[in-house]
Amino acid sequence: MARRGAATAGPLFTDACTKYPKKYCLEGYPVGQLPANTAGYWVDANTMFYLQGVAAGLLTKSGDTGFVNAIKLPGSTALVNSFALGCRSVRPDCKVHNVYLNSFSDPPGEVSATKTLVNGGADVIAHYMDDPATLKAAASLKAWSFGLYTDQRGEAPGTYVTSQIWQPALTEIFKQDLTNLLAGKWKPGRINWGTAPHTVDLTLGPWGKNVPASVREKVEKRYAEIKGGANPFTGPIRDAKGKVRVPAGKELDPRDPDDVVYANWSWPVAGVIGG
């Protein structure tokens with residue numbers, strides 16, 4: 001397979017795919033026009049950040065939470081917005097203080113940002129970074145915090161909330177694409193989510209030992225409702241200035257690349273500070 005194609009993301013990758021048109025390419029979180037030999041894949045991360053936000057809203061005492069974010073792109077804005085929508089669904093006065101680090105991995109920057117957020121009053125910290133530095137920094141300051149991608153309870157045993165688990169979703173996606181490729185049925189120009197439309201491909205990981213049972217039950221109930229068809233991205237949705245951007249009753253589709261949530265969420269929702 002290494003001689004036949006590759007899977008990663010970004011303009012350098014798609015440029016290489018264009019340069020080698022006889023190769024097969026699979027891009028993570030594709031945005032815009034794909035090369036003729038390229039397909040895409042992604043997961044329901046926005047839905048899971050919404051659920052993490054629900055947990056945060058139930059856990060916070062101050063009403064202030066923090067989000068250590070990667071690069072200021074619509075996709076990253078969508079993640080903190082999803083978290084804020086979840087938080088405010090159970091705590092209407094929830095505030096999410098968002099910090100962009102312009103990197104997907106910057107342990108010193110993550111530690112500094114987490115300290116600033118906690119010292120400013122945030123008592124629950126979420127993040128979209130590719131290492132556990134934020135999680136560990138929050139734990140050292142006795143703030144609730146979330147893992148990402150895998151079960152990371154060991155990094156913050158006392159203040160760990162939960163994590164969104166990206167396996168076996170990614171395995172299923174790659175299995176489907178490889179199977180189709182080997183069978184001569186592989187098609188470019190699409191996004192593979194691994195599961196049928198209007199379902200959720202990711203799961204919540206194990207809960208931290210100190211998370212109250214009432215919080216676990218409420219989050220898991222909401223997760224079940226979403227898996228049953230409830231759409232957490234339903235209007236009215238206001239921006240940070242109070243303007244209604246999504247009218248009451250209108251549903252956004254987080255899997256539609258042309259809709260707001262997937263790649264066009266350029267404005268922070270109500271409650272997000274620093275979006």
Side-chain angles (χ1 to χ4, degrees), residues 1-50 69-80 82 102-105 127-132 147-152 163-205 226-227 233 252-266:
M1 178 60 186
R3 293 192 297 269
R4 299 181 67 180
T8 183
L12 292 177
F13 174 68
T14 52
D15 287 348
C17 295
T18 301
K19 184 177 179 180
Y20 298 98
K22 293 184 179 181
K23 301 297 183 181
Y24 299 94
C25 295
L26 187 63
E27 183 183 16
Y29 185 63
V31 177
Q33 186 68 35
L34 290 171
N37 60 338
T38 304
Y41 72 91
W42 196 232
V43 294
D44 293 309
N46 290 300
T47 298
M48 304 313 290
F49 272 107
Y50 172 91
N69 216 334
I71 299 171
K72 189 171 184 179
L73 297 168
S76 299
T77 300
L79 298 179
V80 68
S82 300
N102 199 35
S103 173
F104 284 99
S105 181
H127 72 94
Y128 184 55
M129 304 297 293
D130 286 344
D131 61 71
L148 185 62
Y149 306 133
T150 63
D151 178 9
Q152 296 178 319
S163 180
Q164 49 182 282
I165 305 299
W166 286 37
Q167 293 287 14
L170 291 178
T171 297
E172 180 61 25
I173 288 169
F174 296 145
K175 177 182 176 181
Q176 290 174 7
D177 270 274
L178 284 169
T179 299
N180 288 331
L181 177 62
L182 295 174
K185 299 178 181 179
W186 192 85
K187 295 180 180 180
R190 62 188 164 75
I191 300 175
N192 185 7
W193 296 80
T195 57
H198 309 297
T199 58
V200 182
D201 58 2
L202 301 185
T203 60
L204 288 170
I226 293 171
K227 289 200 296 182
F233 305 105
L252 303 178
D253 183 354
R255 289 192 177 190
D256 182 351
D258 296 320
D259 207 343
V260 172
V261 178
Y262 181 83
N264 298 293
W265 219 341
S266 58

Checklist entry - Quick one: ring pair (Phe, Tyr, Trp, His ring centres under 6.0 Å) partners of Trp186, sequence neighbours excluded? => result Tyr24
Checklist entry - Can you list the residues that meet the side chain to side chain donor-acceptor pair (under 3.5 Å) rule with Thr203, with sequence neighbours excluded? => result none
Checklist entry - Which atoms form the tightest heavy-atom contact between Phe13 and Cys25, and what is the distance? => result CZ-CB, 3.7 Å
Checklist entry - With Gln176, which of Thr171, Asn192, Thr195 fulfils side-chain hydrogen bond (donor to acceptor under 3.5 Å, both in side chains)? => result Asn192
Next on the checklist: How close do Ile165 and Thr150 get, counting heavy atoms only, and between which atoms?
Outcome noted: CD1-C, 3.6 Å
Item to check | Tyr262 vs Asn46 side-chain heavy atoms within contact, under 4.5 Å | outcome: no
Checklist outcome for this item: Taken in chain and number order and not counting sequence neighbours, the residues that satisfy ring pair (Phe, Tyr, Trp, His ring centres under 6.0 Å) with Phe233 are none
Checklist entry - For Gly147 and Ser163, which heavy atoms make the closest approach, and how far apart are they? => result C-OG, 3.1 Å
Next on the checklist: Using the side chain to side chain donor-acceptor pair (under 3.5 Å) criterion, which residues pair with Trp193? Sequence neighbours excluded.
Outcome noted: none
Checklist outcome for this item: The side chain to side chain contact (heavy atoms under 4.5 Å, CB included) partners of Lys19 (sequence neighbours excluded) come to none
Checklist entry - When you look at Trp166 and Leu202, which way does the side-chain contact (heavy atoms from CB on, under 4.5 Å) test go after all the steps? => result CA-CA 6 Å; Trp166 286 37; Leu202 301 185; 3.6 Å; yes
Next on the checklist: Name the residue from Arg190, Lys187, Lys185 that meets the salt bridge (charged side-chain N to carboxylate O under 4.0 Å, His left out) definition with Asp177.
Outcome noted: Arg190
Next on the checklist: Checking Asp151 now: which residues fulfil salt bridge (charged side-chain N to carboxylate O under 4.0 Å, His left out) with it, not counting sequence neighbours?
Outcome noted: Arg153
Checklist entry - Out of curiosity, Cys17 SG to Leu12 CG, how far, rounded to the nearest 0.5 Å? => result 11.0 Å
Checklist outcome for this item: Taking every heavy atom of Leu148 against every heavy atom of Met129, the minimum-distance pair comes out as CD2-O, 3.4 Å
Checklist entry - Going from OG1 on Thr47 to NZ on Lys227, what distance comes out if it is rounded to the nearest 0.5 angstrom? => result 12.0 Å
Checklist entry - Looking at side-chain heavy atoms only, is the closest gap between Lys72 and Asn102 below 4.5 Å? => result no
Next on the checklist: For Thr77, give me all partners under side chain to side chain donor-acceptor pair (under 3.5 Å), at least two apart in sequence or on another chain.
Outcome noted: Tyr100
Item to check | Under the side chain to side chain contact (heavy atoms under 4.5 Å, CB included) test, residues paired with Leu34 that sit two or more places apart | outcome: Glu27, Pro30, Thr38
Item to check | Qualifying residues under side chain to side chain contact (heavy atoms under 4.5 Å, CB included), relative to Phe104, sequence neighbours excluded | outcome: Ala70, Ile71, Tyr128, Asp130
Next on the checklist: Just verifying a value: how many Å separate Trp42 CH2 and Ile173 CD1, rounded to the nearest 0.5 Å?
Outcome noted: 9.5 Å
Item to check | By salt bridge (charged side-chain N to carboxylate O under 4.0 Å, His left out) - contacts of Asp44 (at least two apart) | outcome: Arg255
Next on the checklist: With rounding to the nearest 0.5 angstrom, report the CG to OH distance, Leu73 to Tyr29.
Outcome noted: 7.5 Å
Checklist outcome for this item: side chain to side chain contact (heavy atoms under 4.5 Å, CB included) filter on Asp259, not counting sequence neighbours, yields Leu252, Asp253, Asp256
Next on the checklist: Please enumerate all residues that pass side chain to side chain donor-acceptor pair (under 3.5 Å) together with Asn37, with sequence neighbours excluded.
Outcome noted: none
